[in-house]
Structures are given as structure tokens and as C-alpha cells.
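A short worksheet on the structure shown next.
All residue numbers in this chain count up from 1 along the given sequence. Bear in mind the structure is a predicted one, so any value in this text is a computation, not a measurement.
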Amino acid sequence: MNKPADSLLPHRPALILALLIAAYGIFILFAMGRPPICECGVVRLWTGAVNSPENSQQLADWYTFSHIIHGMIFYAGAHLLWRRWNLFGGAPTRWAFPIAVALEASWELLENSPMIIERYRSVTVNFGYAGDSIINSAADIVWMSLGFLIAARLNWKATLALAIGFELMTLAVIHDNLTLNVLMLVYPLDAVRAWQGTV
């Protein structure tokens, strides 16, 4: 889709609101007792070992690509709700971005709840998963924002191709991706779990 000049990109008040929402989410993670950084005591830009204690603890890992796709999906949803279906009756489209940040921050809170951590441990190969560090959760919100902004700049075909490329790449490298992550949380399959364990 060709983006009009006044696309879903946020204006300054929407950016400020998005920052406040992200900060509030991070505050709640602190209140939940999540570790600020990796227990290894080191902050890294990237960790590529999926079965390492540093996975989901650093600024980026293989699951970063899923969070970028989150942003692309949120942009597509906003495009449909605001522009295609006009469900908000002319409400300013630039508020779509803080809504996306709120959705991502909410997922980070849910993902780090005891219920979801235990679910990951019980139905996926991530039996040692202990949740995310706060810097990882904060970075995930940033990566989602990047995905949203990428989708705002590219046409829908290029965005879809990029998302599929990310899914196929992570599927090949770590036997996991956003699609399988959702599947295994909602409807776990033993065959998928066994295949993921071969990494």
C-alpha cells in the first residue's frame, strides 16, 4: 500500500504518550521483581545461543525478529481499523502507535507472569525459561516500534516479504518463530516440540 503523507506515523504528543506507556510497563516489571539485567552481570547487544541462560536477557536475540513482526502486525491492524474499515469515525490515525506500544508492553507483562513462564516450561523445549530481564523487555518494545515504523514506510508487499523472511530464517536457524511460538502456547504438539529440541 502506498502511504499517504499523514499515515499512521505518530506526532509528538503520540510519541510522548508511547514513551509514558513504555515507562509505566517497565515500572510494573520492576514491581513484579523482574531482574533488571542478565544474572551474568553483562549487557550485550546480541546473544545467539537459544539454550543459553542469556537468551531473553540481552538487548537482542533470535526472538527479536518476532517482536519486529509484532510491530508490522500492529501497523497492519491499525491500517485496517482506521483506514480500510473506518471504525474510529475519523479519530486521528497518529494515535495508532501508542496503542501498539501499549499492546506490546501488555504482552511483556503477561509473558513475564508466572502463568506464562510455567506454560513455556511445560509445553515447549524452553524448560529452563525464567522470563525476560527488564532490559530485554524494554528492548522488545523498541524492536516492535521498529517493525511498526518499517511497515509505515514500506508498501504491504515488501513488509509481508520481510516478515516471511524473518519467520523462515528463524525457523531454519533455531527451529522456532512467531508462528510456532503462538502454536505451542495455544495448542502444543509433541512432534513440533521434539523437532525444536534438535537444535
Side-chain angles (χ1 to χ4, degrees), residues 10 18-19 21-23 25-26 28-29 32 34-78 97-113 116-117 119-121 124-154 158-185 192 196 199:
L19 286 171
I21 292 168
I26 292 167
I28 295 175
L29 288 169
M32 291 168 60
R34 301 304 310 159
I37 65 170
C38 175
E39 290 184 0
C40 64
V42 177
V43 175
R44 301 182 205 282
L45 176 60
W46 169 262
T47 180
V50 177
N51 295 316
S52 161
E54 293 189 42
N55 192 52
S56 297
Q57 302 298 304
Q58 303 295 352
L59 294 170
D61 53 44
W62 285 108
Y63 293 98
T64 294
F65 298 101
S66 292
H67 292 280
I68 294 172
I69 295 171
H70 287 177
M72 295 173 175
I73 292 170
F74 294 157
Y75 184 89
F97 179 69
I99 292 172
V101 170
L103 290 171
E104 187 71 9
S106 297
W107 166 245
E108 290 300 322
L109 296 175
L110 180 62
E111 183 184 28
N112 286 287
S113 68
I116 296 297
I117 290 173
R119 181 71 173 167
Y120 271 118
R121 287 177 175 172
T124 73
V125 294
N126 299 314
F127 52 85
Y129 180 69
D132 301 346
S133 68
I134 292 175
I135 63 160
N136 178 264
S137 291
D140 287 345
I141 295 172
V142 172
W143 295 122
M144 181 285 301
S145 301
L146 176 64
F148 189 98
L149 297 175
I150 288 171
R153 293 298 186 188
L154 298 180
T159 302
L160 180 61
L162 190 58
I164 291 172
F166 286 161
E167 286 285 87
L168 293 175
M169 176 183 65
T170 52
L171 184 69
V173 175
I174 64 168
H175 292 192
D176 205 0
N177 58 22
L178 179 59
T179 304
L180 286 184
N181 205 282
V182 172
L183 172 69
M184 292 301 286
L185 278 177
V192 173
Q196 290 180 321
V199 175

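Between Asp140 and Met144 the shortest side-chain heavy-atom distance does not fall below 4.5 Å. Between Val199 and Val50 the shortest side-chain heavy-atom distance does not fall below 4.5 Å. Annotation: side chain of Asn112 is in contact with side chain of Ser137 (closest heavy-atom distance under 4.5 Å). Here the side chains of Asp61 and Asn136 are in contact, with some heavy-atom distance below 4.5 Å.
No donor-acceptor contact under 3.5 angstrom links the side chains of Thr47 and Gln58, judged on distance only. In this structure, a donor-acceptor pair under 3.5 Å is present between the side chains of Asp176 and Tyr63.
Ile69 and Phe166 make their closest contact through CD1-CB, 3.9 Å (heavy atoms, listed as atom of the first residue, atom of the second, distance). Pairing each heavy atom of Ile141 with each of Ala22, the nearest pair is CG2-CB, 4.3 Å. Ser133 approaches Cys38 most closely through the heavy-atom pair CB-N, 4.1 Å. The minimum heavy-atom distance between Val101 and Ser145, with the atom names listed, is CG2-OG, 4.1 Å. Nearest heavy-atom pair, Ala151 versus Met72, reported as atom, atom and distance to 0.1 Å: CB-CA, 4.1 Å. The two residues Gln57 and Gly131 have their closest heavy-atom pair at NE2-O, 2.8 Å.
Of the inter-residue distances, the one linking Asn177 atom CG with Leu168 atom CG reads 8.0 Å to the nearest 0.5 angstrom. Residue Arg34 holds its CZ atom at 9.5 Å from OG of Ser113, rounded to the nearest 0.5 Å. Residue Thr124 holds its OG1 atom at 11.5 Å from CG of Leu180, rounded to the nearest 0.5 Å. A distance of 8.5 Å separates CD in Glu111 from CG in Leu185, rounded to the nearest 0.5 Å. Here Ile134 contributes atom CD1 and Leu29 contributes atom CG; the two are 5.5 Å apart, rounded to the nearest 0.5 Å. Between atom CH2 of residue Trp143 and atom CD of residue Glu104 there is a gap of 13.0 Å, rounded to the nearest 0.5 Å.
By the 30° and 60° cut-offs, the orientation of the rings of Phe74 relative to His70 is tilted.
Here the side chain of Glu108 pairs no donor or acceptor atom with the backbone of Ala138 at under 3.5 angstrom.
Crowding of Trp62 atom CH2: a count of heavy atoms from other residues, nucleotides or ligands under 6.0 Å exceeding 12.
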| Working for side-chain contact (heavy atoms from CB on, under 4.5 Å), residues Tyr120 and Asn181 | CA-CA 9 Å; Tyr120 271 118; Asn181 205 282; 2.9 Å; yes
